[in-house]
2 protein chains.
Amino acid sequence: MYKSIMHSPELLKGTLQTILLKVLKDHGKMYGYEIAQRVKELSDERLLLTEGALYPALHKLEAEGLLKTETVMMGKRVRKYYSLTSEGRSLAKERVSEFLDFIKTIGNVLQVELSG
Amino acid sequence: MYKSIMHSPELLKGTLQTILLKVLKDHGKMYGYEIAQRVKELSDERLLLTEGALYPALHKLEAEGLLKTETVMMGKRVRKYYSLTSEGRSLAKERVSEFLDFIKTIGNVLQVELSG
DNA sequence: ATTTATACATAAGTGAATTATGTATAAGAC
DNA sequence: GTCTTATACATAATTCACTTATGTATAAAT
């Protein structure tokens, strides 16, 4: 994935950036693989980020100045830690509130109750 | 659109089918333009379905046997009414529950409250 | 010794939607 | 009476996020 177990992978489109930003906001400095694990855990195995989605998305956010990186050698293995820049932090906030607007709007159209 | 005013049009991807099925389930036999108007109204102007998204989506659902059609001449103008088949009805139900699962899962990952 | 987990990366392909066009009738503005 | 807007359908070209597939390499587990 960013796929799977969720029956409608299409629904997930557009949420990846929001998830990356918010998870980094909540958990601080993290490396790619760690983010994937955290998301898997938080989603109760429902959201499995694949490398093909994850890494390009992180690179893009970095290129846009929303994330900053720090590469660390763990023994002989490379780890690239990502954290939010100040712009990243404010975008995280914005994206989450957009997501809440989005589900409220769709909820109205679908006429469903959105209670936790 | 299926776009616009909503700041993150990306989020909308994958919800169009669900919306079409559920709106048809709730409002019965409708034609394309009418569906677009209804969605606009239900979303308080936030979801504006464009023809380029709407008609191909309806055609696809029809081709898959989820919708049936009835073409009517209104004076000299054509109107194509769509309604759910029984498979369409059951898919509508499934899609809505998938959507609820989806927002619950994403809500957990984003650690947000989803109260109506 | 072999499989699985950790850890990164990128290229080719898909498919839903966007953007752009096209056709045509009816109503409303002025 | 003409011009604009609304009604009502349709489809082709393009975009771009994500999927699928592949590649490299170390470390742990069985």
Side-chain angles (χ1 to χ4, degrees), chain A residues 1-21 29-41 47-64 67 69-82 95 102 106, chain B residues 1-21 29-41 47-64 67 69-82 95 102 106:
Chain A
M1 306 232 247
Y2 201 39
K3 82 143 152 305
S4 134
I5 297 164
M6 303 248 31
H7 348 221
S8 292
E10 275 312 315
L11 285 174
L12 296 167
K13 293 211 174 189
T15 60
L16 180 53
Q17 253 203 28
T18 306
I19 286 173
L20 296 178
L21 291 167
K29 195 194 299 186
M30 298 176 88
Y31 54 99
Y33 190 83
E34 189 185 10
I35 294 172
Q37 296 307 309
R38 186 80 70 182
V39 169
K40 185 179 171 185
E41 188 191 332
L47 262 46
L48 308 175
L49 309 197
T50 53
E51 296 101 321
L54 176 62
Y55 294 113
L58 288 171
H59 299 163
K60 196 187 172 203
L61 289 169
E62 187 188 2
E64 289 168 347
L67 301 182
T69 60
E70 189 188 337
T71 301
V72 175
M73 291 305 291
M74 295 296 291
K76 286 182 178 171
R77 272 241 278 303
V78 174
R79 257 188 206 170
K80 206 163 156 189
Y81 281 93
Y82 289 88
R95 283 276 189 268
F102 158 73
I106 306 289
Chain B
M1 304 240 237
Y2 203 40
K3 84 138 149 308
S4 135
I5 297 163
M6 303 247 33
H7 348 219
S8 291
E10 275 312 314
L11 286 173
L12 296 166
K13 294 211 172 188
T15 60
L16 180 53
Q17 253 202 27
T18 306
I19 287 173
L20 296 178
L21 291 168
K29 195 193 300 185
M30 298 176 88
Y31 54 99
Y33 190 83
E34 189 184 9
I35 294 172
Q37 297 306 308
R38 185 81 70 182
V39 169
K40 185 179 172 186
E41 188 192 331
L47 263 47
L48 308 175
L49 308 196
T50 51
E51 296 101 321
L54 176 63
Y55 294 113
L58 288 171
H59 299 162
K60 195 186 171 203
L61 289 170
E62 187 188 2
E64 289 168 347
L67 301 181
T69 59
E70 189 187 337
T71 301
V72 175
M73 292 305 292
M74 296 296 291
K76 285 181 178 171
R77 271 240 278 304
V78 173
R79 257 189 206 170
K80 206 162 154 189
Y81 281 93
Y82 289 88
R95 283 275 190 267
F102 158 74
I106 305 289

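Labels below follow one simple rule: chain letters A, B, ... track the order of the sequence lines, proteins then strands, and each chain is numbered from 1.
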Just how far, in rounded Å, is [atom2] of [N] from [atom1] of [X]?
| X | N | atom1 | atom2 | answer |
| --- | --- | --- | --- | --- |
| A:L49 | C:dA9 | CG | C1' | 16 Å |
| A:I35 | C:dT6 | CD1 | P | 15 Å |
| A:K60 | D:dC16 | NZ | C1' | 8 Å |
| B:L47 | C:dA17 | CG | C1' | 13 Å |
| B:L16 | D:dA17 | CG | C1' | 17 Å |
| B:Y31 | C:dT25 | OH | P | 18 Å |
| B:E51 | C:dA24 | CD | C1' | 13 Å |
| A:L54 | D:dA17 | CG | P | 15 Å |

query = More 5' along DNA chain D: B:Q37 or B:H59, using each one's nearest nucleotide?
reply =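 It is B:Q37, whose closest nucleotide lies nearer the 5' terminus.
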query = For DNA chain D, whose closest nucleotide is more 5', that of A:P56 or that of A:M74?
reply =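 Its nucleotide being nearer the 5' end, the pick is A:P56.
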Does any non-hydrogen side-chain atom of [Y] lie less than 4.5 Å from one of [X]?
| X | Y | value |
| --- | --- | --- |
| A:L67 | A:L20 | no |
| B:M73 | B:V78 | yes |
| A:I35 | A:L58 | yes |

Phosphate oxygens OP1/OP2 of [N]: is one of them under 4.0 Å from a side-chain N or O of [X]?
| X | N | result |
| --- | --- | --- |
| B:Y33 | D:dA6 | no |
| B:Y55 | D:dA10 | no |
| A:R79 | C:dA7 | yes |
| A:K76 | C:dA7 | no |
| A:K80 | C:dA9 | yes |

key: Atom NZ of B:K80 with >12 non-hydrogen neighbours under 6.0 angstrom   =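 Above 12, so yes.
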ask   = When you measure from the side chain of A:R77, which nucleotide among D:dT26, D:dT7, C:dA9 comes out closest?
value =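 Nucleotide nearest to A:R77's side chain: D:dT26.
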key: A:M74 CE to A:Y31 OH distance, which is reported to the nearest 0.5 Å   =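 A:M74 atom CE to A:Y31 atom OH measures 7.0 Å (nearest 0.5 Å).
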